[in-house]
Protein chains: 2
Amino acid sequence: MSRKIKRNGGDDIKMSDIARHAGVSPMTVSRALRAPATVSEKMRRKVDAAVREFGYLPNRIAGSLSSKRSNVVGLIVPSIRNSLYASMIQAISDVLRANGFHLMIANSGHQLDDEEALVSALLAQRVCGLVLHNTTHTKRVRDLVRKAGVPVIETGNLPAEPLDMAVSYSNFEAARAMTAHLGRLGYRKIGFVTLPLRDNDRSEERRRGYFAALKDLGLPADPSLVLEAPGGFSEGGDALVRLVQTHPGLDAGFFAGDVLAVGALFECQRRGWAVPGRVAIASFDDLDLLRHAVPTVTTLRIPRHEIGRRSAELLVNRLLGASPERIRIDVGFEIVQREST
Amino acid sequence: MSRKIKRNGGDDIKMSDIARHAGVSPMTVSRALRAPATVSEKMRRKVDAAVREFGYLPNRIAGSLSSKRSNVVGLIVPSIRNSLYASMIQAISDVLRANGFHLMIANSGHQLDDEEALVSALLAQRVCGLVLHNTTHTKRVRDLVRKAGVPVIETGNLPAEPLDMAVSYSNFEAARAMTAHLGRLGYRKIGFVTLPLRDNDRSEERRRGYFAALKDLGLPADPSLVLEAPGGFSEGGDALVRLVQTHPGLDAGFFAGDVLAVGALFECQRRGWAVPGRVAIASFDDLDLLRHAVPTVTTLRIPRHEIGRRSAELLVNRLLGASPERIRIDVGFEIVQREST
DNA sequence: TTATAGGATGGTAGCGATACCAAGAGAACG
DNA sequence: CGTTCTCTTGGTATCGCTACCATCCTATAA
């Protein structure tokens, strides 16, 4: 059909073609498209007509190269699959889009090395900003980001010293508050099930919070009450069963991952264990599901949507000219007491 | 600090700088980076050293402009928040990344007009391929896509005439199969709860499938057995209650949306209605949740992950040179019979 | 009437890479 | 020893757009 590989198909109409057909200069076309107010009514109409006639789409790649400005923001999350991230992503995407920016998403699978590779790749694409759902990075990531000079949001945890801007809640405080809440409700033997701790500052912080609260409550810190489990319904159920077997007096389980908590709840239903009669269940992160389960599940409400929204807003402000300053926003959390505790 | 707005920060080291410091020509740097095999060992080492010394990141924007090739694929989903899409997105992202491509994601919120705006925007960014989770488009979208000449995957449904390539299952056949399955199990008064039908070919098809199956079963087509509900746990519960109230003989509910089904299940638990004793519940889409709920829920397993994987693979093949041909892949579905029916 | 400001247009020179072709350096051959 | 072939390397011309500055035109003031 064609002698060489067709790289990009398309007839590739360009700005100068439009200019010629409209009888104006390319610059006028450029202006009519980006800043219509700076062009006379007459010119604008000519340009618009030609643009419509040819179905012209300006080449943003050329535009970005020329203006040294891009309108794409990069986002790295540990996993796209997880619905927690999904609501944050949605919020980011919405705010960006409303301001004419786009989102490039990648997932690191909780690997710091992969995060590094992705940060390089995104910076090579010359993203104009970055959102990282992670607050511990390799040295190279820190260097790259500093050197690139693009605004960066870190989230997922509250770092003591953000790279640039951080929007999050404190995993430590949240876990501590929930544990304290359970103590206040009278529970005395509180198990803690955590997601994998390796390379995950969030999980670490939560566990620290749990122990801190136990100390505040004057309860013994028993490491055997802490179980590490990969996320998943079955794993949550298994963990609870194991805790109950090894600690007959267990009266509550705090699951630092909502899916784990729901899995535990289902396992209780299956075994006919009353929740909270036999054992109370508390969760982390307010999945919609938890409000509808039977019984409804006590949890921490993390304003994921707000985190996404504010992250994107900060980024956009900076991109629109706000002066660079280290910002660290604590969006807080809320304990939602429900039937399960 | 600086007299003019700093657009992109960074010292902006470029290829010619690296070339100078390595004592070679820019072309050699370019080759050493993209096709190391075409460059002598000696040159490659010089280049690598300079690249590392300066922490140089090639500018992909310039590269794309020059080569007329981009490595970014665009994806438009109705909603990022929904976990159905999440597992497909993850699969797409993984395959693309393994082949050196990136993903730009946007969500249309089920609006065809928004889809149109996003397709324009993505094509203006000169994405090298497009995945649309939708099979009905505005005329302009069809024109734009044709003109751009980039490979396109449609998914979410099986269109009779794909724009280019389609990877999906048949919503019609799936809904028909599940309804038939319920009939085979002996249910005679089967309610159908659908997601909003407006501008949504998937929902339409599912409803058609339901009616087709009723006809096959020799059961009357009673429009009052069909309820439209926005997605959500409460909405699923409400819909079931309404159906039961208006049709005392209702013995099964088929929910064309997993969240609706789970909501209905919870409502039954709350009211003490035996599932499936009082009413059976069947769902669409095999959320993990359904396998763990009590009782476990009968559903249609849609290979979302496979859809994402194969979509991305087709796209990558085409981008790597496979000849353009209309492809229409039916990945099928599977009925998973569980305790709830 | 001429001077002058201010807004609208156009010309030119890149942005930072790659495609394409030409040239140089060895290797292999008669 | 010259010729041809292959493998590397380098130079030049874009890619499609925007920044920047020069120019031109019209409107208002003197």
Side-chain angles (χ1 to χ4, degrees), chain A residues 3-47 50-51 54 56-71 123-126 128 148, chain B residues 3-47 50-51 54 56-71 123-126 128 148:
Chain A
R3 300 209 315 271
K4 48 174 54 184
I5 293 177
K6 221 182 163 193
R7 301 204 185 296
N8 210 351
D11 325 287
D12 261 22
I13 296 150
K14 48 184 145 174
M15 204 171 263
S16 58
D17 297 325
I18 298 299
R20 188 153 19 83
H21 283 272
V24 302
S25 81
M27 268 318 299
T28 300
V29 176
S30 177
R31 279 190 282 252
L33 260 29
R34 285 177 306 138
T38 66
V39 155
S40 73
E41 170 80 24
K42 203 178 73 183
M43 292 283 162
R44 205 182 318 141
R45 277 217 311 276
K46 284 203 247 179
V47 171
V51 165
F54 293 94
Y56 169 67
L57 273 187
N59 185 332
R60 287 271 333 137
I61 291 195
S64 293
L65 177 61
S66 179
S67 65
K68 296 169 175 296
R69 234 181 289 117
S70 117
N71 64 342
L123 288 176
Q125 301 282 348
R126 295 301 190 265
C128 59
Chain B
R3 300 206 316 270
K4 47 172 55 182
I5 292 177
K6 221 180 158 193
R7 300 202 188 297
N8 210 351
D11 323 287
D12 261 23
I13 296 149
K14 46 186 147 173
M15 203 170 260
S16 57
D17 297 325
I18 299 299
R20 187 152 19 85
H21 283 271
V24 302
S25 81
M27 267 319 297
T28 301
V29 177
S30 176
R31 279 190 281 251
L33 260 29
R34 285 175 306 136
T38 65
V39 157
S40 71
E41 170 81 24
K42 203 178 72 182
M43 292 283 160
R44 205 183 318 141
R45 275 218 310 278
K46 285 202 246 181
V47 171
V51 165
F54 294 94
Y56 168 67
L57 272 187
N59 184 332
R60 286 277 329 142
I61 292 196
S64 293
L65 177 61
S66 181
S67 66
K68 297 167 175 295
R69 235 181 288 116
S70 118
N71 63 342
L123 289 176
Q125 302 282 348
R126 293 302 190 265
C128 59

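Proteins come first, then strands; the chains are lettered A, B, ... in the order of their sequence lines, and each starts at number 1.
- Phosphate contact (OP1/OP2 of D/dG10, side-chain N/O of B/S25, threshold under 4.0 Å): present.
- Note on A/P58: only backbone sugar-phosphate atoms sit closer than 4.0 angstrom, heavy atoms only; bases stay farther off.
- Computed from coordinates, the B/K14 NZ to C/dG16 C1' distance equals 7 Å when rounded to whole Å.
- In terms of modelled atom types and a separation under 3.5 Å, the side chain of B/S64 and the main chain of B/R69 share a donor-acceptor contact.
- Using a 4.0 Å cut-off, some side-chain N or O of A/S40 falls inside it from OP1 or OP2 of C/dT9.
- Summarising the geometry, the separation between CZ on A/R126 and C1' on C/dA17 is reported as 11 Å, rounded to the nearest angstrom.
- Neither side chain, B/R44 nor B/S40, offers a donor N or O lying under 3.5 Å from an acceptor on the other.
- When each of C/dA17, C/dG10, D/dG16 is scored by its nearest atom to the side-chain atoms of A/T28, the top-ranked nucleotide is C/dG10.
- Rounded to a whole Å, the CG atom of A/N59 is 18 Å from the P atom of C/dC15.
- Comparing atom distances between the B/R34 side chain and each of D/dC17, C/dA19, C/dG16 picks out C/dA19 as nearest.
- In the set C/dT18, C/dC15, C/dG11, C/dC15 carries the atom at the smallest distance from any side-chain atom of A/K68.
- The side chain of A/R69 contributes an N or O atom lying less than 4.0 Å from OP1 or OP2 of D/dA19.
- Not a single donor-acceptor pair under 3.5 Å links the side chain of B/R60 to the backbone N or O of A/A124.
- Comparing B/G23 and A/Y56 along DNA chain D, the residue whose closest nucleotide (by nearest heavy atom) sits nearer the 5' end is B/G23.
- Classification of B/K14 and B/D17 as a salt-bridged pair fails, no side-chain N sitting under 4.0 Å from a carboxylate O.
- Taking atom CG of residue B/L33 and atom C1' of nucleotide C/dG16, one finds them 13 Å apart after rounding to whole Å.
- Atom NZ in A/K42 sits about 8 Å away from atom P in C/dT9, given to the nearest Å.
- In the set C/dG16, C/dA17, C/dC15, the nucleotide with an atom closest to the side chain of B/S30 is C/dA17.
- Each end of the helix from C/dT1-D/dA30 to C/dG30-D/dC1 yields a helix axis from five base pairs, and these two axes differ in direction by 40° (to the nearest 10 degrees).
- Below the 3.5 angstrom threshold, one finds a donor paired with an acceptor across the side chain of B/R31 and the base of D/dG10.
- Comparing A/A37 and A/M27 by the nucleotide of DNA chain C that holds the closest heavy atom to each, the one mapping nearer the 5' end is A/A37.
- Spacing between atom CG of B/D17 and atom P of C/dA17 amounts to 9 Å, rounded to whole angstrom units.
- In this structure, B/L57 places its CG atom 10 Å from P of C/dA17, rounding to the nearest Å.
- Taking only side-chain atoms of A/L65, from C-beta outward, the nucleotide of C/dG16, C/dG10, D/dT18 with the closest atom is C/dG16.
- Side-chain atoms of A/T38 come within 3.5 Å of backbone N or O of A/A35 as a donor-acceptor pair.
- Side-chain contact between B/V47 and B/V51 is present, with heavy atoms from C-beta onward closer than 4.5 Å.
- Atom pair B/M43:CE and D/dC7:P shows a separation of 17 Å (rounding to whole Å applied).
- For A/N71 and B/Q125, the side-chain atoms include at least one donor-acceptor pair closer than 3.5 Å.
- Remark: the B/S16 side chain and the B/R20 side chain contain no N/O donor-acceptor pair separated by less than 3.5 Å.
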